Peer 1: 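I have a structure I would like to understand better, so I am pasting it below and will then ask my questions one at a time.
As the structure lists them, so they are numbered: ligands from 1, and atoms in each ligand from 1. When reading the values below, keep in mind they use all heavy atoms of this one structure, side chains included, and skip hydrogens, waters and symmetry mates. All values reported here derive from a predicted model rather than from experimental measurement.
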Amino acid sequence: MDRVEGAAALDGLVDRVRGAVRALPLGDGRDALHGRWLGHPLHPLMVQVPIGTWVSAAVLDLLPGQRRAAHALVGVGLAAVAPAAIAGWVDWAELQRRQMRVGLMHAAVNITAVGLYAGSFTARMRGRPVLGKALGFAGLLTVSVGGAIGGHLAYRQASGANHAEAVPQLVEPGWHPIGAVADFPVGEAVRRHVDDVPVLVVRESGEQVHVLAESCSHMGGPLSEGTVVDGCVRCPWHGSVFRLADGWNVRGPATAPQPVFDTRVTNGRVEARLATPAPEHPVETSRHAA
Ligand code: FES
């Protein structure tokens with residue numbers, strides 16, 4: 001998988017496919033497919049249907065008298081592929097290059113699996129159950145490999161993870177000074193640190209100052225290099241839009257909101273503290289304490 005991540009030879013294909021996916025006229029449906037409404041990516045949830053039905057079909061194929069039921073399950077799985085695949089493609093088109101190379105391989109293996117299941121369905125329909133079962137088992141093996149590659153993409157490469165999740169664990173509770181009010185020109189994005197955690201600071205007017213975690217929850221993009229407009233900041237990497245007042249992800253591909261800080265001005269100096277409740281201690285800390 002490390003070799004696939006570094007396979008620059010795939011980049012021409014990556015660019016063409018990404019251009020095609022981004023050109024799809026999906027409108028607001030694109031955010032729905034990302035899973036912004038759900039709070040995390042939709043694709044892993046949607047693949048449960050084809051995988052579940054195909055595993056079930058394989059079990060039934062091993063039992064006597066279940067031919068028609070297995071055939072139906074293979075068909076249901078095939079019908080569920082398209083929405084799951086579209087959700088996956090729109091997520092894929094907003095990844096980093098190394099992730100996209102692996103994602104392309106994930107898709108290629110899964111397309112092969114779908115081809116095998118389509119062959120299995122057709123063979124069963126034509127009264128060739130032995131061939132249908134054989135193609136079904138081959139499809140299950142292939143989709144399992146595709147799932148393993150997807151696991152690498154999701155967990156090793158953190159595609160779809162909330163890249164701002166650690167912030168509440170890293171910032172000590174309480175107020176932290178971040179600079180004089182005059183250091184923050186109205187309407188401009190400024191990068192500062194709170195407890196060594198980079199934050200985005202935007203003074204909206206007078207002493208009204210907004211502070212969000214700097215690293216975008218989508219892929220860690222630098223929000224201080226983004227565009228501030230209409231009370232929101234737009235990430236420079238993939239265009240997620242976060243509301244400055246509360247960190248809400250107004251537009252995807254980010255599916256998680258941005259950690260936000262309360263602010264106050266004391267003697268002309270801006271202070272910030274995490275707006276969210278103090279998190280539980282990380283597991284590592286608890287273990288040491290025990
Ligand atoms: S890093 Fe992708 S939208 Fe911010």
Peer 1: Kindly state whether the ring of His238 and the ring of His218 have centres lying under 6.0 angstrom apart.
Peer 2: yes
Peer 1: Which class fits the ring pair Tyr117 and Trp54: parallel under 30°, tilted 30 to 60°, perpendicular over 60°?
Peer 2: parallel
Peer 1: Using 4.0 Å as the upper bound for N to carboxylate O, is an ion pair formed by Arg22 and Glu94?
Peer 2: yes
Peer 1: Arg124 and side-chain contact (heavy atoms from CB on, under 4.5 Å): which partner among Leu135, Asp61, Leu131?
Peer 2: Asp61
Peer 1: Leaving waters out, which protein N, O or S atoms fall under 2.8 Å from atom 2 (Fe) of ligand 1?
Peer 2: His218 ND1, His238 ND1
Peer 1: Could you go through Arg243 and Asp230, starting from their C-alpha distance and side-chain angles, then the distance that decides it, and tell me whether this counts as salt bridge (charged side-chain N to carboxylate O under 4.0 Å, His left out)?
Peer 2: CA-CA 9 Å; Arg243 200 158 52 205; Asp230 291 338; over 6 Å; no
Peer 1: With a 4.0 Å cut-off on N to O distance, would you call Glu5 and Arg101 a salt bridge?
Peer 2: no
